[in-house]
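Positions are given from 1, in the same order as the sequence printed here.
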Amino acid sequence: MAQSPTDAPLKTTPLHAAHLALGARMVPFAGYDMPVQYTEGVLKEHLWTREHAGIFDVSHMGQARLRGVNPLAAFEEVVPGDFIGMKPGKQKYSVLLNRTGGIVDDLMAARPVNSAGTGDDGLFVVVNGACKDNDFKVIESELAGQVQIERLETRALIALQGPEAAAVFQHYAPEAASMVFMDVRLMTAFGVDLIVSRSGYTGEDGYEISVSEEAADDVWNKLLSDHRVKPIGLGARDSLRLEAGLPLYGHDLDETTSPVEGDLAFAINKNRREQRDFPGAARIVKELAEGPPRRRVALKVLEGAPAREGAEIADASGDVIGVVTSGGFSPVLKCGIAIGFVSGANPEPGAQLKVIVRGKPQACEVVKAPFVPHRYVRKVG
């Protein structure tokens with residue numbers, strides 16, 4: 001993807017020089033110069049993460065602290081999740097909504113605490129890199145006078161993912177061993193203060209590590225010095241999240257898509273459904289009760305080439321009923337997989353459909369997401 005002369009100069013993350021030193025192929029992404037792959041290529045990076053541990057630079061993401069008199073209650077005015085009831089030390093996935101119930105962005109919001117269980121009363125929020133300026137503008141506008149947004153522009157964000165990620169990270173941060181999926185902790189490791197969550201975007205166990213830009217190189221290099229860890233670029237990050245059945249904003253979600261259409265109804269807590277006090281509640285509650293006009297589905301391509309974004313989805317009679325929004329080859333399943341939206345009745349797993357690839361109908365099957373089982377750690381010991 002070439003950068004035109006009229007484009008703004010690309011930003012760089014604190015780890016930019018480290019990527020160049022590793023021989024990364026760099027591409028524009030979310031306004032940043034980012035590594036799409038390293039010398040071994042996307043396929044090997046993908047499989048390494050599934051078998052060992054991959055390290056990702058995700059510092060382009062938007063990190064911020066939301067503070068105020070009651071920031072948890074205020075935040076509920078723009079999302080459908082229960083944040084007032086979220087315990088300290090926990091993180092929750094949610095969606096920022098517009099007034100018609102469309103998704104402005106998906107995000108993570110957390111209440112970090114230290115090992116003693118103390119922190120501050122604010123929220124630590126991480127949003128998508130391409131959306132962050134608009135996201136914080138929306139939050140600031142909708143919650144004016146209720147919260148103050150402290151954007152953490154000088155912090156890097158490093159993800160360590162894979163079945164060996166926990167052992168690698170816990171060598172440097174032993175207290176991380178007591179964390180389970182969606183725990184978030186303030187801790188000191190590598191001689192610096194970190195914000196650490198046990199979560200990620202690959203379906204694997206692992207950690208996301210927020211660190212000051214000054215210490216980012218040291219943390220990255222120490223983790224990478226372990227023989228179980230290899231650097232992973234955006235290419236494998238995308239194929240890993242697709243296998244995990246996780247949506248990508250701007251492709252599988254946008255401002256016209258409701259959480260119900262996007263198969264994200266789990267992010268709408270029961271008490272919020274009853275209170276109907278979030279943006280677009282009338283539309284969303286109606287879709288929960290009656291079904292949405294379209295819905296996100298997971299597809300396994302049974303023949304031919306992988307179906308890419310934009311490929312049409314047809315029913316058994318050949319009538320077009322939807323479109324692929326993310327698609328590619330699964331290195332684990334060794335076949336094409338896709339996420340898309342279909343209109344009409346909800347197709348159950350096992351339903352036989354077709355994807356139109358280069359004008360040719362190819363058999364595909366509706367499957368239950370994720371394509372590859374998640375391996376999050378929900379209980380220690």
Side-chain angles (χ1 to χ4, degrees), residues 58 61-94 106-127 139 143 146-152 154-161 165-201 204-212 214-216 219 222-223 266-267 269-272 374-381:
V58 287
M61 304 286 276
Q63 303 179 67
R65 287 277 201 178
L66 270 57
R67 293 189 170 92
V69 175
N70 195 343
L72 305 180
F75 196 58
E76 288 195 359
E77 295 183 21
V78 292
V79 298
D82 177 6
F83 284 90
I84 294 173
M86 185 172 66
K87 296 178 180 178
K90 289 293 182 181
Q91 175 174 258
K92 183 175 288 190
Y93 173 88
S94 197
D106 59 342
L107 54 83
M108 290 286 194
R111 299 183 66 187
V113 295
N114 59 27
S115 57
T118 59
D120 63 38
D121 293 327
L123 276 173
F124 173 60
V125 178
V126 180
V127 302
I139 293 170
L143 306 183
Q146 298 185 73
V147 299
Q148 296 81 48
I149 302 173
E150 178 193 354
R151 293 184 61 166
L152 306 177
T154 60
R155 293 189 73 84
L157 191 63
I158 296 169
L160 187 67
Q161 303 280 290
V168 172
F169 185 63
Q170 289 165 21
H171 172 75
Y172 297 97
E175 68 178 278
S178 64
M179 298 173 67
V180 296
F181 181 58
M182 298 300 264
D183 278 357
V184 61
R185 193 78 55 83
L186 302 171
M187 66 177 69
T188 300
F190 308 94
V192 294
D193 293 333
L194 307 174
I195 306 171
V196 177
S197 67
R198 195 160 190 172
S199 60
Y201 195 48
E204 297 291 338
D205 180 29
Y207 298 91
E208 293 195 333
I209 306 150
S210 175
V211 57
S212 68
E214 296 83 6
V219 172
K222 283 178 178 172
L223 291 171
F266 68 87
N269 286 92
K270 182 181 178 182
N271 63 322
R272 304 299 310 281
H374 293 166
R375 294 198 278 191
Y376 305 132
V377 171
R378 300 183 185 275
K379 184 178 179 181
V380 175

Apply side-chain contact (heavy atoms from CB on, under 4.5 Å) to I158 and V58, showing your working.
-> CA-CA 6 Å; I158 296 169; V58 287; over 6 Å; no
Quick one: does any side-chain atom of [X] pair with a main-chain N or O of [Y] as donor and acceptor, under 3.5 Å?
{"X": "R65", "Y": "E150", "answer": "no"}
{"X": "R198", "Y": "A166", "answer": "no"}
{"X": "N269", "Y": "N271", "answer": "no"}

Atom of [X], atom of [Y] and distance for their closest heavy-atom approach:
{"X": "A110", "Y": "V184", "answer": "CB-CG1, 3.6 Å"}
{"X": "M179", "Y": "V196", "answer": "CE-O, 3.4 Å"}
{"X": "G200", "Y": "Q161", "answer": "CA-OE1, 3.3 Å"}
{"X": "V79", "Y": "R272", "answer": "O-NH1, 3.0 Å"}

What's the separation between atom [atom1] in [X] and atom [atom2] in [Y], rounded to the nearest 0.5 Å?
{"X": "L194", "Y": "L186", "atom1": "CG", "atom2": "CG", "answer": "9.5 Å"}
{"X": "F181", "Y": "D205", "atom1": "CZ", "atom2": "CG", "answer": "9.5 Å"}
{"X": "S212", "Y": "L152", "atom1": "OG", "atom2": "CG", "answer": "11.5 Å"}
{"X": "I195", "Y": "F124", "atom1": "CD1", "atom2": "CZ", "answer": "4.0 Å"}
{"X": "E208", "Y": "L160", "atom1": "CD", "atom2": "CG", "answer": "10.5 Å"}
{"X": "I149", "Y": "L66", "atom1": "CD1", "atom2": "CG", "answer": "5.5 Å"}

Do any pairs count as a side-chain hydrogen bond (donor to acceptor under 3.5 Å, both in side chains) and have a residue in residues 84-93, sequence neighbours left out, and if so which ones?
-> K90-D183, Q91-S199, Y93-D106
For residues 72-86, the side-chain hydrogen bond (donor to acceptor under 3.5 Å, both in side chains) pairs (sequence neighbours left out) are E77-Q146
Who pairs with [X] by side chain to side chain contact (heavy atoms under 4.5 Å, CB included), at least two apart in sequence or on another chain?
{"X": "V113", "value": "P88"}
{"X": "D121", "value": "none"}
{"X": "P71", "value": "V147"}

Would you check if R111 and L72 make a side-chain contact, meaning some heavy-atom pair closer than 4.5 Å?
-> yes
Side chains of residues 167-176: which donor-acceptor partners sit under 3.5 Å, not counting sequence neighbours?
{"from": "Q170", "atom 1": "NE2", "to": "Y207", "atom 2": "OH", "distance (Å)": "2.9"}
{"from": "Y172", "atom 1": "OH", "to": "K222", "atom 2": "O", "distance (Å)": "3.1"}

